[in-house]
Amino acid sequence: MSDRQRGDAPALAPAPRAQAGPAPRWREDFPVPWAADHYVTRRELAKFLTLGSALLAAANGVIAAVGRWGRRAPPASRTVITKASAVPAGGSLLFRYPTADDPCILVRGDDGVLRAFSQVCTHLSCAVVHRADRDELFCPCHHGVFSATDGRPIAGPPTRRLPVIRIDQHDDDVVAIGKEP
Amino acid sequence: MSERAFFIDYSRCIGCQACVQACQECDTHRGVSMIHLETIQRRDTVQTAPQVCMHCEDPICARVCPADAIKKTPDGVVQSSLKPRCIGCSNCVLSCPFGVPKYLASIDQMMKCDLCYDRTSVGKKPMCATVCPSQALSFATIDEIRETRAGSPINEWRFGAEVVRTKVYVMAPAEVRAVTIDRLVRIGDGPSARDPDDVAFLLEEA
């Protein structure tokens, strides 16, 4: 900083150093611009893992809490499905309960008892149909089979039973009164 | 409005140390100033000169860092060393032609002026430029500087064969285009003659 070069007398100044060509390969891994720096230190990784795990645990807690206290099943509504006499032995009838988006099936088994189940297969949500000759509910998508007596899976991919629709009979009216999960 | 830049006008410095005190108040390095307030020819004058980081376009401190700890942001500000990476080797301290980086042994880390990045990145002035009563340190647009100052701002430095361009400007007489330092001392050679302005020499004399 002792001397200053005059603008019109550049003779004293040495020529600017020529550029040494492209940057070496290793410089790509250790760039000076911050935007190009993608190196993750061990401490940063540890911090990320710790915070990420804590967040995951907290999210699980929230989901569990919502499942335990947050969601309340809607009060069961009473819906008249059909006349009991309309369903013969070995016959079935489709209906919607508790909302129009919930397809269900009413079957009369070989023993003459009326039972109702959700029609949504617990495997991949296809609609099950009643096979009167075997007294079972059959899902044609992946050949899943449920018992028409209690809705439990008998064969094929499903592992969970079909939700049962509780029904009641008043005179000749079949009434849906609730849904078991 | 053009972008604001940092300007140092050494001739305006009155040595009040306001910039040093303001810098010390920053929470990221409380109590330690990142500004060097240099004395110039102490024997003959009380003139002082503030030295902030010049934020070189091609920062040699970052290039010599073996730990990849010094980074330059897209807006051209060379940041202080990254705490998880700095190994305290002082390569940057030795390499900086302006003598800016400081090695702080207490935290085993290099720290330097980062142009108050928390402030300047949101359009505020750096602390030192905010408090400087004579505006030897100012953060303004180049148009404002041209209107209010006699000299011309320059940002080119020639250290022997090395040309350094900086983000920070210094005010110089209008005809000067670059600052040339041609009195270079090789490390290990030692001074060829006793420097009468050397502080150690002055103390010996006293």
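Just so it is clear: chains get the letters A, B, ... in the order the sequence lines come, proteins before strands, and each one is counted from 1.
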Is it the case that over 12 heavy atoms from other parts of the model lie below 6.0 angstrom from the [atom1] atom of [X]?
X        : atom1 : answer
A/Arg43  : CZ    : no
A/Arg152 : CZ    : no
B/Arg30  : CZ    : yes
B/Lys124 : NZ    : no

- Task: Might you work through the salt bridge (charged side-chain N to carboxylate O under 4.0 Å, His left out) test for A/Asp37 and B/Arg85, ending with a clear yes or no?
- Result: CA-CA 13 Å; A/Asp37 182 80; B/Arg85 300 190 187 181; 2.7 Å; yes
- Task: Examine whether an atom of B/Pro59 lies under 4.5 Å from a heavy atom of chain A, and if so say whether it belongs to the side chain, the backbone or both; otherwise answer neither.
- Result: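 Contact with chain A is through the side chain of B/Pro59 alone.
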- Does the side chain of B/Gln79 reach to within under 4.5 Å of the side chain of A/Trp34, using non-hydrogen atoms?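 Yes, side chains in contact.
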- Query: Which pairs count as ring pair (Phe, Tyr, Trp, His ring centres under 6.0 Å) when at least one residue sits in residues 91-129 of chain A, sequence neighbours excluded?
  - Reply: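 Every pair satisfying ring pair (Phe, Tyr, Trp, His ring centres under 6.0 Å) with a residue in residues 91-129 of chain A: A/His123-A/His142.
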- Counting only N and O atoms by type, is there a donor-acceptor contact under 3.5 Å from the side chain of A/Arg27 to the main-chain atoms of B/Arg63?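 Flag set: sc A/Arg27 to bb B/Arg63 pair under 3.5 Å.
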- Item | Nearest heavy-atom neighbours spanning A/Phe30 and B/Lys71 |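 Heavy atoms only, the tightest pair is C-NZ, 4.3 Å.
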